[in-house]
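In what follows, a structure is listed as structure tokens, so that the remarks can point back to it.
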Amino acid sequence: MNEAVAERLSRIARLQDLLGEDKFKAISHDRAARVIEGLSIDIATIADDPAKLRAIEGIGPKIADKIAEFARTGKMSELVELEAKVPPGVLALMNIPGLGPKTVATLWKEGGVTDLASLKRIIADGTILKLPRMGAKSVEKLKESIDLAEQGSARLPLGLAAPVAERFVAAMTDVKGVKQVAFAGSLRRGRETIGDIDILVAAADGDAAHVAEAFRAMPGVAQVLVAGEKKSSVRARIAPGSARFSVEGRSGDAEVGPTVQVDLRVVPPQSWGAALMYFTGSKEFNIRLRERSLKMGLTLNEYGLFPEDDDKTPPQQRGIKPVASETEEEIFHALRLAYIPPEMREDRGEIDRAEQASAGAKSKAAKHAAAPVEGLIELADIKAELHAHTTASDGRMSIEELARNARERGFHTIAVTDHSKSSVIANGLSAERLRDHVAAIHAARKKVKGIHILAGSEVDILADGSLDYDQATLELLDVVVASPHNALSQDPATATKRLLRAIESGLVHILGHPTGRLINRRAGLSPDMAKIVDAAKANDVALEINAHWMRLDLRDTHIRAAVDAGCLIAIDCDVHAADDFDNLRFGVQTARRGWLPAEQCINTWSAQRLIGWLKRD
DNA sequence: GCCGTTTTCGGCCCGACTGTTTTCAGTCG
């Protein structure tokens with residue numbers, strides 16, 4: 001229910017903005033919406049308990065009432081009242097880049113605009129120019145924004161945005177006068193989708209102008225949106241996606257194909273840490289840190305952490321020396337916080353944890369080493385891949401090729417888990433073919449040394465929760481990954497029962513991509529995650545984080561719930577081709593967003609411990 | 001509408017850029 005509540009609260013906020021009501025009221029609703037979106041529990045479970053609702057940061061008596069009302073009746077009366085005041089097509093206009101509440105309100109009240117069609121009409125007949133602050137240039141920009149919005153403005157999956165950002169970073173590194181380059185924003189935080197790409201460059205003031213110019217002239221830039229010295233924005237072409245998943249509504253033609261907005265900020269080298277922190281966000285996280293700074297008598301901006309005074313001119317323009325600015329570490333330290341990794345910066349309680357960690361550390365050295373999550377998982381911790389396909393079903397590599405690839409990547413274990421018989425399109429194996437395949441896996445062990453090759457299956461969880469092979473067949477295997485592949489639009493109650501049956505079968509080690517969602521494409525199942533997590537914990541079943549950027553399933557909030565419950569997690573690439581191993585970083589980033597300690601992830605264990613666990617000793 | 005380590009009332013983050021302006025409003029992140 002979290003998503004539904006958040007969507008309604010944020011709609012209330014936008015309507016309040018539009019109607020010119022107290023903007024802090026709107027901010028409160030918006031903030032509550034974001035908090036609820038990030039919750040690891042389903043808010044429906046506490047909706048009838050006002051005290052529990054109000055214990056959540058950002059939820060007070062009024063918003064608690066609205067949540068309770070929604071849980072009871074399926075609607076929020078305040079939203080109904082607000083919507084009655086505004087024509088239904090007006091709110092959507094705020095999704096057009098460059099159109100904010102003020103402009104939309106003017107278009108509606110003074111220009112008679114009630115939806116996109118009527119907006120286009122007054123642009124076409126020129127009457128829009130009679131409205132205040134609407135000149136020829138504004139209208140030209142508006143037309144371009146409308147075109148863009150109509151092309152589909154779905155956020156770009158992490159795995160498609162990362163290569164574009166890396167291309168820009170590499171190219172900017174070679175520009176004269178550039179001291180440091182990095183990407184920031186939601187990409188650095190590892191969010192599953194990215195709205196735009198933020199590139200940060202450190203350069204001396206004298207170099208800023210030509211650095212910005214070089215950025216706007218990069219190959220692949222289709223259009224320049226903003227051209228300042230400290231800030232520039234362009235639209236850049238996206239390289240064609242992987243063959244296995246194309247991007248919805250975006251064909252792979254690199255010449256004219258889809259584009260993504262890329263923002264560049266140029267800052268002086270001594271401000272690097274402050275700027276990196278600022279542009280990494282999230283916005284909510286930044287606001288919290290600034291509030292904290294003010295309480296400590298300091299003021300934080302993208303140039304540094306400065307002593308607070310009454311002067312209205314920003315401190316960096318007055319030559320004030322910052323308390324900290326060159327690195328993120330020193331800024332966190334000055335704010336008496338442990339270093340918070342980018343993936344955790346979402347204002348989901350990490351600041352409190354970082355404060356406790358810092359306060360708990362006695363020595364100076366201990367304070368520098370303190371972390372909000374002890375042993376947070378890192379890419380290098382992963383030593384095993386437990387979900388991989390070969391040419392026996394729909395993979396591209398033979399058993400031996402797969403094993404050699406895994407060994408080259410430094411893994412001590414690879415599990416061969418081809419599809420089961422019901423996955424017909426994926427050439428799933430009959431029980432008989434599986435027995436031959438297991439023999440082939442055993443034979444491969446003799447040819448490829450230096451890595452444990454496990455015989456397994458990605459067995460379908462059928463619609464009723466039964467498994468696609470019988471018990472005797474599954475017991476031949478070293479590892480069983482059970483995944484839902486069909487009937488992915490089941491209602492939540494049925495889906496919960498289905499997954500619970502698989503978890504409780506006693507035959508499954510890992511629950512593969514538990515919801516079956518595909519980002520931007522298919523919502524997948526919405527089981528009662530609290531029940532799934534509890535059952536997984538009780539039955540010693542690991543929940544998978546499927547690392548493919550199109551899946552990232554479990555997602556961050558689910559992982560957080562699993563981590564809290566003490567449930568085991570597997571991070572796997574669902575390898576079909578050699579390149580798929582590269583997706584591991586996205587899986588690990590997602591795990592870090594869910595605060596997963598390495599210890600709780602079975603892929604980080606020694607071979608001995610992992611294999612012992614699989615044998616259920 | 002929410003919140004409290006100088007507050008239960010009076011605050012609520014900060015700067016860059018653009019376009020339409022004669023000094024700034026609106027949007028974005």
Side-chain angles (χ1 to χ4, degrees), chain A residues 9 12-13 16-17 20-33 35 53-67 78 93-107 129 131-142 145 184-187 189 194-200 208 212 224-233 261-267 271 274-275 277-306 308 312-317 336 347 355 359:
Chain A
L9 289 175
I12 288 176
Q16 287 171 330
D17 267 341
E21 294 187 20
D22 178 17
K23 67 173 168 174
F24 292 110
K25 233 176 172 181
I27 288 171
S28 294
H29 282 88
D30 223 17
R31 186 176 270 187
V35 167
L53 285 175
R54 288 173 60 179
I56 298 169
E57 181 123 351
I59 298 180
K62 297 268 184 56
I63 291 180
D65 279 350
K66 287 170 205 178
I67 296 167
E78 180 173 3
L93 297 176
M94 279 168 64
N95 296 332
I96 298 170
L99 285 191
K102 296 280 168 55
T103 315
V104 171
T106 308
L107 287 168
L129 291 163
L131 297 175
R133 303 190 63 80
M134 271 295 169
K137 271 193 151 173
S138 301
V139 174
E140 207 43 50
K141 282 207 155 182
L142 179 54
S145 297
S186 47
L187 189 58
R189 300 202 309 280
I194 267 72
D196 54 28
I197 294 171
D198 296 296
I199 306 287
L200 185 66
V224 176
L225 303 169
V226 175
E229 201 169 283
K230 295 176 177 171
K231 178 180 194 287
S232 290
S233 294
Q261 181 167 331
V262 186
D263 294 342
L264 173 81
R265 290 293 296 246
V266 185
V267 296
S271 301
M277 194 149 146
Y278 180 86
F279 293 111
T280 297
S282 67
K283 195 177 164 200
E284 291 74 19
F285 176 84
N286 285 350
I287 290 172
R288 290 282 180 221
L289 278 199
R290 289 207 180 125
E291 288 170 355
R292 182 182 180 85
S293 305
L294 288 175
K295 278 182 202 148
M296 294 173 68
L298 301 164
T299 179
L300 179 63
N301 62 29
E302 60 261 57
Y303 297 98
L305 181 65
F306 299 90
E308 167 80 335
K312 285 250 188 326
T313 312
Q316 67 275 9
Q317 291 174 20
R336 289 191 223 118
D347 187 25
E355 182 177 60

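Lettering follows sequence order; numbering is per chain, from 1. Only a predicted model underlies this, so the values are computations on that prediction, with no experimental measurement involved.
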| task | State which of B/dG26, B/dG1, B/dA16 makes the closest approach to the side chain of A/Lys230. | result | B/dA16

| Using a cut-off of 4.0 Å on non-hydrogen atoms, how would the nucleic acid contact of A/Ile59 be classed: base, sugar-phosphate, or nothing? | sugar-phosphate

| Hey, is B/dT7 sitting syn or anti, using the within-90° cutoff around 0? | syn

| More 5' along DNA chain B: A/Glu78 or A/Leu300, using each one's nearest nucleotide? | A/Glu78

| message | Can you identify which nucleotide, out of B/dG1, B/dG15, B/dG29, has its nearest atom closest to the A/Tyr278 side chain? | response | B/dG29

| field | d(CD, A/Glu284; C1', B/dG29) in whole Å | value | 11 Å

| said: Using the P atom as the point on both nucleotides, what is the distance between B/dG26 and B/dT20, in whole Å? | reply: 14 Å

| task | Select one nucleotide: of B/dC14, B/dC2, B/dA25, the one nearest the side-chain heavy atoms of A/Ser28. | result | B/dC2

| query | Which is true for A/Leu99 with a 4.0 Å heavy-atom rule: it touches a base, it touches only sugar-phosphate, or it touches nothing? | reply | sugar-phosphate

| Rounded interatomic separation in angstrom, taking CZ from A/Arg54 and P from B/dG1 | 13 Å

| query | If pairing requires Watson-Crick or G-U wobble contacts with both distances under 3.5 Å, which nucleotide is the partner of B/dT27? | reply | B/dA16

| request: May I ask whether A/Phe24 stacks on the base of B/dC2, given the cut-offs of 5.5 Å between ring centres and 30° between planes? | output: no

| said: Taking the minimum atom-to-atom distance to the side chain of A/Thr103, which one of B/dT27, B/dG1, B/dC2 wins? | reply: B/dT27

| Phosphate contact (B/dG1 OP1 or OP2) by A/Lys66 side-chain N/O below 4.0 Å | yes

| query | What is the nucleic acid contact for A/Arg265, judged by heavy atoms within less than 4.0 Å: base, sugar-phosphate only, or nothing? | reply | sugar-phosphate

| task | Please state how far atom NZ in A/Lys231 lies from atom P in B/dG29, giving the value in whole angstrom units. | result | 7 Å

| message | Between A/Asn301 and A/Gln316, is there a side-chain donor-acceptor contact under 3.5 Å, judged purely by atom types and distance? | response | yes

| said: Quick one: does any side-chain atom of A/Ser232 pair with a main-chain N or O of A/Gly228 as donor and acceptor, under 3.5 Å? | reply: yes

| task | Please tell me which of the listed nucleotides, B/dT20, B/dA16, B/dT27, lies nearest to the side chain of A/Tyr303? | result | B/dA16

| request: When you get a sec, tell me which of B/dG29, B/dG1, B/dG19 is the closest nucleotide to the side chain of A/Lys25? | output: B/dG1

| request: Please state whether the phosphate of B/dT18, meaning OP1 or OP2, lies under 4.0 angstrom from any side-chain nitrogen or oxygen of A/Ser138. | output: no

| message | What I want to find out is whether A/Arg265 reaches A/Glu302 closely enough, with some N-O distance under 4.0 Å, to be called a salt bridge. | response | yes

| query | B/dT18 P sits how many Å from A/Leu142 CG, rounded? | reply | 17 Å

| said: Side chain of A/Gln316, heavy atoms from C-beta onward: which of B/dG15, B/dA25, B/dC2 has the nearest atom to it? | reply: B/dG15

| Between B/dC2 (C1') and A/Ile27 (CD1): distance, integer Å | 11 Å

| said: Taking the C1' atom in each of B/dC12 and B/dA16, what is the distance between them to the nearest angstrom? | reply: 22 Å

| Sugar-phosphate, base or nothing in reach of A/Ala13, heavy atoms under 4.0 Å | nothing

| task | Give one of base, sugar-phosphate or nothing for A/Ser233, where a contact means two heavy atoms less than 4.0 Å apart. | result | nothing

| Nearest-nucleotide pick for A/Lys141, side chain only, options being B/dT18, B/dG26, B/dG1 | B/dT18

| message | Taking the P atom in each of B/dG15 and B/dT22, what is the distance between them to the nearest angstrom? | response | 25 Å

| task | For B/dT5 and B/dG1, measure between their P atoms and round to the nearest Å. | result | 23 Å

| Hey, are A/Glu355 and A/Arg336 close enough for a salt bridge, meaning a charged N less than 4.0 Å from a carboxylate O? | no

| query | Which part of the nucleic acid does A/Glu229 contact within heavy-atom distance under 4.0 Å: base, sugar-phosphate only, or nothing? | reply | sugar-phosphate

| task | Start with the C-alpha gap between A/Asp30 and A/Leu9, add the side-chain angles, then the distance that decides, and say whether side chain to side chain contact (heavy atoms under 4.5 Å, CB included) holds. | result | CA-CA 6 Å; A/Asp30 223 17; A/Leu9 289 175; over 6 Å; no

| query | More 5' along DNA chain B: A/Val104 or A/Ser232, using each one's nearest nucleotide? | reply | A/Ser232

| query | Are any side-chain N or O atoms of A/Thr103 and backbone N or O atoms of A/Leu99, one a donor and one an acceptor, separated by less than 3.5 Å? | reply | no

| Length of the CG-C1' vector between A/Leu298 and B/dT5, whole Å | 15 Å

| message | By the 4.0 Å heavy-atom rule, please label A/Ala26 as base, sugar-phosphate, or nothing. | response | nothing

| field | Between C1' of B/dC2 and CG of A/Asp65, the distance in whole Å | value | 14 Å

| request: For A/Asp263 and A/Asp198, indicate whether the former's side chain and the latter's backbone hold a donor-acceptor pair under 3.5 Å. | output: no

| Side chain of A/Glu291 - closest among B/dG26, B/dG1, B/dC12 | B/dC12

| query | Nearest to the side chain of A/Lys283 - B/dT27, B/dG15, B/dG29? | reply | B/dG29

| query | Across the strands shown, which category fits A/Pro97 at heavy-atom distances under 4.0 angstrom: base, sugar-phosphate, nothing? | reply | sugar-phosphate

| field | Distance between C1' atoms of B/dC2 and B/dT8 (Å, rounded) | value | 12 Å

| query | Between atom CG in A/Asp263 and atom P in B/dT18, what is the gap in whole Å? | reply | 12 Å

| said: Just to be sure I understand the rule, does A/Asp22 reach a base, reach only the sugar-phosphate, or reach nothing, if contact means heavy atoms closer than 4.0 Å? | reply: base

| field | Side chain A/Ser271, main chain A/Gly304, donor-acceptor under 3.5 Å | value | no

